[in-house]
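Note that ligands are numbered from 1 as they come in the structure, with each ligand's atoms numbered from 1 the same way.
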Amino acid sequence: MKRAKKKKVARRRAKPAKAKRVKKKVSARTPRAKNRQAAQRRRGLMFVLSSPSGAGKTTLTRMLLEDERKNVELSISVTTREKRASEIEGRHYYFIDRKKFDDMVKSGELLEWAEVHGNGYGTPKKPVEQFLRAGKDVIFDIDWQGTLQLYNAARRDVVSVFVLPPSSQELRVRLARRAEDNQEVIDRRLRNAIEELEHWREYDYILVNDDLDRAYRALKSILAAERQRRASRGAKSGTEIEAAEKMRRDAQPRLADLVKKLQSEL
Ligand code: ADP
Ligand code: 5GP
């Protein structure tokens, strides 16, 4: 018993020496060491996009990934839903069966998970942690239930954006034009949109996806503002930050009316 106690003390004393050695190595002035230091200083942020199905979050996500290949990574979810014709395993989703999904939930492999439109969806934890540690921003295309779980896990690392369609008619048109789901699935998604819309106030930013290029520019400036905020440790000023704040304030009264209208028409 006594010996075990002694060992514990010895281990505790040994720690500072190890920490000192690591510090010395990182402070080397080679370009590689400097890059490593920069990555260690900046932990990536979790950039969440949610919307009623068909509003355009996948399109916006893909545009951002194209543009920011070096700095942004996509979190690829697992799902039990059927693969669409255009989808690629491991690029859009990992398509798994219900048993595997339940096992992943049980073993804690998912950072968050939810039942959406009758299927299981979830975010594998490991890749997200690796990207964030390497200083990359991670983009998530998840629903409101998943967003709330990320808030609970790491609110300060999360920036959330809710994408709205400009009208219910346009939402119907987009779902039909995507032409990847049958009518029954489309109808179910439209019904679920009413519930998804209930949660818009829980998001940091709201983006109306009318003109795609305009919406994309707004999305980019939100990301730039949040990066600037983090780089300057919570600063409330800065060109990008001020532009994003204005976008948030100006939008509020108009948005509540738009959401009400969408819900009544769906
Ligand atoms: P979500 O991921 O939210 O379900 P998608 O990104 O798949 O939605 O978009 C649904 C459909 O709407 C796609 O066919 C897409 O090309 C189209 N779309 C997206 N944004 C716009 C926009 N601003 N204007 C017109 N069509 C759009
Ligand atoms: P879809 O079947 O159209 O690809 O996605 C349906 C819904 O599931 C969308 O709202 C999408 O954001 C959400 N979703 C996709 N992956 C995840 C995930 O890993 N977790 C959660 N909570 N929702 C997800």
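- Put simply, part of Gly54 is less than 4.0 Å from ligand 1, judged by heavy atoms.
- In terms of protein heavy-atom proximity, atom 8 (O) of ligand 1 is closest to Gly56 N, 3.2 Å.
- Backbone and side-chain nitrogen or oxygen atoms of Gly122 are examined, and one is located within less than 3.5 angstrom of a nitrogen or oxygen of ligand 2.
- Close approach of ligand 1 to Ser53 (heavy-atom distance below 4.0 Å) involves ligand atoms 4 (O).
- Inclusion of Arg81 in the set of residues having an N or O under 3.5 Å from an N or O of ligand 2 is warranted.
- Between Thr59 and ligand 1, an N or O atom pair is found at a separation short of 3.5 Å.
- Of the N and O atoms on the side chains of Gln183 and Asp187, at least one donor lies less than 3.5 Å from an acceptor on the other residue.
- A donor-acceptor pair under 3.5 Å is formed between the side chain of Asp137 and the backbone N or O of Leu45.
- Close contacts between ligand 2 and Arg189 involve ligand atoms 1 (P), 2 (O), 3 (O), 6 (C) [criterion: under 4.0 Å to a heavy atom].
- Residue Arg178 has no nitrogen or oxygen atom sitting less than 3.5 Å from a nitrogen or oxygen atom of ligand 2, judged on distance alone.
- Contacts between Tyr93 and ligand 2 below 4.0 angstrom, taking non-hydrogen atoms only, involve the side chain exclusively.
- For the pair Asp157 (side chain) and Met46 (backbone), a donor-acceptor distance under 3.5 Å is absent.
- In this structure, Arg230 pairs ionically with Glu226, as a charged nitrogen and a carboxylate oxygen lie closer than 4.0 Å.
- Side-chain N or O atoms of Lys126 include none that pairs as donor or acceptor with a backbone N or O of Glu109 at under 3.5 Å.
- Ser50 places no side-chain N or O within donor-acceptor distance of the main-chain N or O of Val161, the cut-off being under 3.5 Å.
- Those atoms of ligand 1 with a heavy atom of Ser51 less than 4.0 angstrom away are 3 (O).
- Between Arg84 and ligand 2, at least one N/O pair is under 3.5 Å apart.
- Residue contacts with ligand 2 do not include Gln149, since none of its heavy atoms lies under 4.0 Å from the ligand.
- For atom 11 (C) of ligand 2, the closest non-hydrogen atom of the protein is Asp141 OD1, 3.5 Å.
- No donor-acceptor distance shorter than 3.5 angstrom exists from the side chain of Glu73 to the backbone of Ile139, with no hydrogens or angles considered.
- Between Thr80 and Arg98, the closest heavy-atom pair is OG1-NH2, 3.8 Å.
- Looking only at distances, a side-chain donor or acceptor of Gln145 sits under 3.5 Å from a matching main-chain atom of Glu115.
- Not a single heavy atom of His92 sits closer than 4.0 Å to an atom of ligand 2.
- At the shortest separation from atom 20 (N) of ligand 2 among protein heavy atoms lies Glu112 OE2, 2.8 Å.
- Residue Glu170 places no N or O, backbone or side chain, under 3.5 Å from any N or O of ligand 1.
- Checking side-chain atoms of Gln263 against main-chain N and O of Ile194 turns up a donor-acceptor pair under 3.5 Å.
- The protein heavy atom nearest to atom 13 (C) of ligand 2 is Asp143 N, 3.9 Å.
- For atom 23 (N) of ligand 1, the choice among Asn209, Leu171, Val208 with the nearest heavy atom turns out to be Asn209.
- Closest to atom 7 (O) of ligand 1 among all protein heavy atoms lies Arg178 NH1, 2.9 Å.
- The nearest heavy-atom contact from the protein to atom 25 (C) of ligand 1 is Arg174 NE, 3.6 Å.
- Not a single donor-acceptor pair under 3.5 Å links the side chain of Glu202 to the backbone N or O of Leu148.
- Between Glu112 and Lys125 no salt bridge is recorded (no basic side-chain N to carboxylate O distance below 4.0 Å).
- Among protein heavy atoms, the minimum distance from atom 16 (N) of ligand 2 is reached at Ser77 OG, 3.2 Å.
- Residue Glu68 forms a salt bridge (charged side-chain N to carboxylate O under 4.0 Å, His left out) with just one option from Arg62, Arg227, Lys136, and that option is Arg227.
- The shortest contact between atom 7 (C) of ligand 2 and any protein heavy atom is with Val116 CG1, 3.7 Å.
- Tyr121 places no side-chain N or O within 3.5 Å of a backbone atom of Ser77 that could act as its donor or acceptor partner.
- Here Glu87 has no heavy atoms under 4.0 Å from ligand 2, in either its backbone or its side chain.
- Contacts of His117 with ligand 2, taken as heavy-atom pairs under 4.0 Å, involve the side chain alone.
- Less than 4.0 angstrom separates some heavy atom of Thr123 from each of these atoms of ligand 2: 19 (O).
- The ligand atoms of ligand 2 that sit less than 4.0 angstrom from a heavy atom of Ala114 are 22 (N).
- If you look at Glu196 next to ligand 2, there are no close heavy atoms at all, none under 4.0 Å.
- Ion pairing between a basic and an acidic side chain is recognised when a charged N comes within 4.0 Å of a carboxylate O; Arg81 and Glu87 show such pairing.
- Under 4.0 angstrom from ligand 1, the non-hydrogen atoms of Asp210 all belong to its backbone.
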Test side chain to side chain contact (heavy atoms under 4.5 Å, CB included) applied to Phe140 and Thr123, step by step: CA-CA 9 Å; Phe140 298 79; Thr123 302; 3.7 Å; yes
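- Residue contact check: Gly146 has heavy atoms under 4.0 Å from atoms 22 (N) of ligand 2.
- Using modelled atom types, one side-chain atom of Arg174 and one backbone atom of Ala55 make a donor-acceptor pair closer than 3.5 Å.
- Remark: Asp103 engages Lys99 in a salt bridge, criterion side-chain N to carboxylate O under 4.0 Å.
- In this structure, atom 2 (O) of ligand 1 lies nearest to the protein heavy atom Thr58 OG1, 2.3 Å.
- Nearest protein heavy-atom neighbour of atom 26 (N) of ligand 1: Arg177 NH1, 3.3 Å.
- With a heavy-atom cut-off of 4.0 Å, Lys57 touches ligand 1 through backbone and side chain alike.
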